[in-house]
Amino acid sequence: MSRFWKPGTERPQLVDDEEGGVIFVSSTPSHSIEKQRQRLPVYKYRTHILYLVENHAATIIVGETGSGKTTQIPQFLNEAGWAEGGRVIACTQPRRLSVQSVAARVAEEMGVTLGDEVGYTIRFEDLTKPGVTRIKFLTDGVLLREMMEDPLLTKYSVIMVDEAHERSLSTDILLGLLKKIQCRRPELRLIISSATIEAKSMSAFFRPSKRREEKGADKLGPTKEPAILSVEGKGFTVQTHYLEEPASDYLRTAVSTILAIHDQEPPGDVLVFLTGQDDIDAAVQLLTEDNTRRSSGLLVLPLYSGLSRADQELIFSPTPRSKRKVIISTNIAETSLTLEGVVYVVDSGFSKQRFYNPISDIENLVVAPISKASARQRAGRAGRVRPGKCYRLYTEEFFNKEMSAHGIPEMQRSNLASSIIQLKALGIDNILGFDWPAPPAPEAMVRALEILYLLGVIDDDAKLTSPVGFQVAEIPLDATVSKMILSGHLLGCSEEVITVAAILSIQSIWVSVRGSQKELDEAKLRFAAAEGDHVTYLNVYKAYLQSGKSPQWCHKNFINYQAMKKVVETRGQLTRIAHRLGIALKSCEKDTEVFRKAVTAGFFTNACRLEGGVYKTVRNSQEVHIHPSSVLFRVNPKWVVYHSLVLTDRHYMRNVMTIEPSWLTEAAPNLYQQKSSNFDAR
DNA sequence: GAGCACTGC
């Protein structure tokens with residue numbers, strides 16, 4: 001393995017003595033970078049980490065922000081020889097942006113060109129050189145995809161799963177699979193980087209069962225017992241303040257807290273966590289309308305994903321002298337964005353969270369208390385530049401009693417269809433017996449299997465069907481959308497379904513402008529089709545191409561240019577995947593009926609009928625409404641299918657299309673022809 | 001009459 005010591009022979013101290021000569025074997029970086037590296041808290045654990053990785057199959061590293069674990073540990077491993085002999089050190093991240101920035105940073109520290117010894121892979125972008133790349137950063141989703149080609153991930157010697165405490169869908173699947181791989185590849189080392197609160201459960205997960213431990217008590221390999229190592233962070237202390245009494249109106253409390261900070265505290269920016277766009281806009285308005293002396297000198301900026309790129313970038317502009325920046329944000333600032341200069345955090349204690357109800361098969365978004373882990377994460381945002389303060393708009397009792405230690409893993413609040421397909425494509429058919437880091441509810445598994453069966457993705461034995469099931473597994477989209485693409489191919493409109501699949505995979509192609517709602521609606525009418533939103537999207541895409549993909553044209557028509565660029569990119573990827581599956585692009589031209597039949601073949605479970613002025617889902621008579629953003633809003637055709645349902649105060653169908661009821665029986669005869677009989681064949 | 005956040009060869 002390593003060139004420096006073997007388990008049981010040399011002690012870590014000896015390695016310590018040797019390491020001076022091996023740092024940066026591949027380059028001669030500047031002195032200052034090396035000095036900076038040495039100042040990171042993780043640096044003094046270098047020997048210890050290398051020793052643990054050498055001797056343990058899995059090492060859990062608890063590292064707080066600023067410990068340097070993400071950038072340094074892969075370098076330590078590289079210096080210690082884990083990338084010798086063409087092997088690669090992998091480090092996964094939940095987000096593309098972190099993959100790119102961390103890879104760039106590490107390449108800089110090593111003094112190499114990004115894409116050579118240090119590379120990265122994210123969707124649409126592979127900056128690695130086989131045989132040259134030693135350290136590879138990638139999203140956990142990409143690593144999962146790589147497993148479809150190489151189930152044992154043989155080219156990697158060490159896989160570091162970073163930010164595992166976030167418990168994203170793909171992180172959890174990855175952890176389950178990595179544990180399985182280690183049974184076949186005892187030489188593979190895992191490093192799981194996690195926040196304190198999750199370390200114990202991670203360790204328990206990677207601890208082998210008693211039976212297996214006795215059987216596999218091989219003296220040669222590393223011990224199966226996971227190691228845990230804590231590395232302190234570099235953040236400054238944050239003083240926490242709680243309310244003495246619960247707030248009756250948290251929005252007004254937030255506003256008065258901001259004004260009090262501005263009034264009484266030394267300079268420093270303020271970051272405020274609220275739940276959503278509505279509350280944020282309201283708070284911004286309250287502050288900007290407050291024309292008293294108290295609010296003068298405040299620069300109030302909203303931050304949420306629905307904002308245009310330009311508006312989001314305002315956040316990063318330097319604060320003018322004599323001004324205090326107040327950023328009022330959703331959860332986006334909790335993990336995805338780092339804001340420098342923040343000294344004060346105001347935390348509402350709530351966020352919007354997605355939950356999935358497997359009984360109704362509906363995902364909804366509800367305002368719920370955040371976890372203690374999230375509250376700490378939010379508070380930590382105040383201590384990045386100097387000691388800060390966090391004002392929690394709830395009582396200490398609420399923190400102790402109402403907030404759970406950590407959030408519910410995404411796996412336990414999601415529709416499982418995509419995860420199940422991924423596992424089945426890797427040959428794991430016993431879904432109920434899979435070693436999940438957080439087992440989903442049996443109802444959710446059963447519901448997902450039922451939907452996959454109806455789509456024809458799995459058969460009576462719950463195995464992937466051929467070719468449909470295997471093809472669906474190849475396409476990085478929801479099974480419903482993938483099925484739509486395959487049906488589109490059979491019906492002669494692959495071009496159209498791929499375009500619409502790309503558009504549906506992004507949040508919205510329209511610019512979000514609250515003030516000029518009327519103009520947006522008028523712009524929409526220029527493309528609106530009587531058949532509904534899907535056909536409208538085809539019109540928009542065609543017109544966008546005719547404009548020569550012009551940003552000015554987008555601006556004039558209230559279309560989000562950045563979104564359209566993503567659509568073109570996604571469409572390109574889907575076209576390449578389709579090509580590999582033997583699907584050539586073919587257009588149905590003006591025949592929207594075959595296109596709508598193809599959509600129906602993927603979305604028949606989302607069929608609705610107008611009954612006495614309201615829509616009811618065909619499957620379970622759930623009352624639903626057409627979302628006001630749909631071109632079919634107030635048009636109310638008799639039969640529709642929808643792409644997704646959002647639950648706020650009502651169930652709203654987003655992206656709605658008219659259908660003929662006979663198409664449903666064509667698409668899913670076993671579901672719709674004998675509705676009265678028992679279709680739940682699973 | 002209305003939109004938490006991520007992600008995918």
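In this text, all values refer to a predicted model and were calculated from it rather than measured experimentally. Chain letters run A, B, ... following the sequence lines, proteins first, then strands; residues in each count from 1.
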Check whether any side-chain N or O of A/Ser305 sits under 4.0 Å from OP1 or OP2 of B/dC6, and answer yes or no.
->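 No, outside the criterion.
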
Side-chain N or O of A/Arg95 less than 4.0 angstrom from OP1 or OP2 on B/dA5?
->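 Negative; the distance criterion is not met.
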
In chain order, what residues pass the side chain to side chain contact (heavy atoms under 4.5 Å, CB included) check against A/Arg634, with sequence neighbours excluded?
->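 In terms of side chain to side chain contact (heavy atoms under 4.5 Å, CB included), with neighbours along the sequence ignored, A/Arg634 is linked to no residue.
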
Return the set of residues passing ring-ring contact (aromatic ring centres under 6.0 Å, His included) with A/Trp436 (not counting sequence neighbours), or none when no residue passes.
->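 For A/Trp436 the ring-ring contact (aromatic ring centres under 6.0 Å, His included) partners, ignoring immediate neighbours, are A/Phe434.
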
Starting at the 5' end of DNA chain B and moving along, which residue's nearest nucleotide shows up first, A/Glu149 or A/Asn331?
->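 Here A/Asn331 is the residue nearer the 5' end.
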
Name the residue closer to the 5' end of DNA chain B, choosing between A/Pro628 and A/Glu410 according to the nucleotide with the nearest heavy atom.
->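 Its nucleotide being nearer the 5' end, the pick is A/Pro628.
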
Are any of the side-chain heavy atoms of A/Ile431 and A/Lys424 separated by less than 4.5 Å?
->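 Of all side-chain heavy-atom pairs linking A/Lys424 with A/Ile431, at least one is under 4.5 Å.
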
Choose from B/dA2, B/dC4, B/dC6 the nucleotide whose nearest atom is closest to any side-chain atom of A/Thr330.
->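 Nearest listed nucleotide: B/dC4.
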
Side chain of A/Tyr652 only, please: which of B/dA5, B/dG3, B/dG8 is the nearest?
->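 Shortest atom-to-atom distance from the side chain points to B/dG3.
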
Would you kindly give the [atom1]-to-[atom2] distance between [X] and [N], to the nearest whole Å?
X: A/Ile421; N: B/dT7; atom1: CD1; atom2: C1'; result: 16 Å
X: A/Asp281; N: B/dC4; atom1: CG; atom2: P; result: 10 Å
X: A/Arg650; N: B/dG3; atom1: CZ; atom2: P; result: 12 Å
X: A/Ile173; N: B/dT7; atom1: CD1; atom2: P; result: 16 Å
X: A/Ile122; N: B/dG8; atom1: CD1; atom2: P; result: 7 Å
X: A/Gln377; N: B/dC4; atom1: CD; atom2: P; result: 21 Å

Any residue meeting side-chain hydrogen bond (donor to acceptor under 3.5 Å, both in side chains) with A/Ser101, in chain and number order, not counting sequence neighbours =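 In terms of side-chain hydrogen bond (donor to acceptor under 3.5 Å, both in side chains), with neighbours along the sequence ignored, A/Ser101 is linked to no residue.
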
Any donor-acceptor N/O pair under 3.5 Å between B/dC9 base and A/Arg580 side chain |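 Yes, a donor-acceptor pair under 3.5 Å.
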
Counting only distance, no hydrogens or angles, is the base of B/dG1 paired donor-acceptor with the side chain of A/Asp521 under 3.5 Å?
->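 Result: at least one qualifying N/O pair found.
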
If a pair satisfies salt bridge (charged side-chain N to carboxylate O under 4.0 Å, His left out) and one of its residues is in residues 164-178 of chain A, list it, with sequence neighbours excluded.
->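 Counting only pairs at least two positions apart or across chains, the salt bridge (charged side-chain N to carboxylate O under 4.0 Å, His left out) contacts touching residues 164-178 of chain A are A/Arg95-A/Glu166, A/Arg167-A/Asp172, A/Arg167-A/Glu198.
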
If you look only at pairs with a residue in residues 498-511 of chain A, which of them pass as a salt bridge (charged side-chain N to carboxylate O under 4.0 Å, His left out), with sequence neighbours excluded?
->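 Passing the test, one end in residues 498-511 of chain A: no pairs.
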
Within residues 564-575 of chain A: residues closer than 4.0 Å to DNA chain B (heavy atoms) =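 The stretch gives A/Gln573 as the residues lying under 4.0 Å from the strand, ordered by number.
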
Any side-chain donor-acceptor pair under 3.5 Å between A/Tyr120 and A/Gln93?
->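 Their side chains do not contain a donor-acceptor pair, so the 3.5 Å distance test is not met.
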
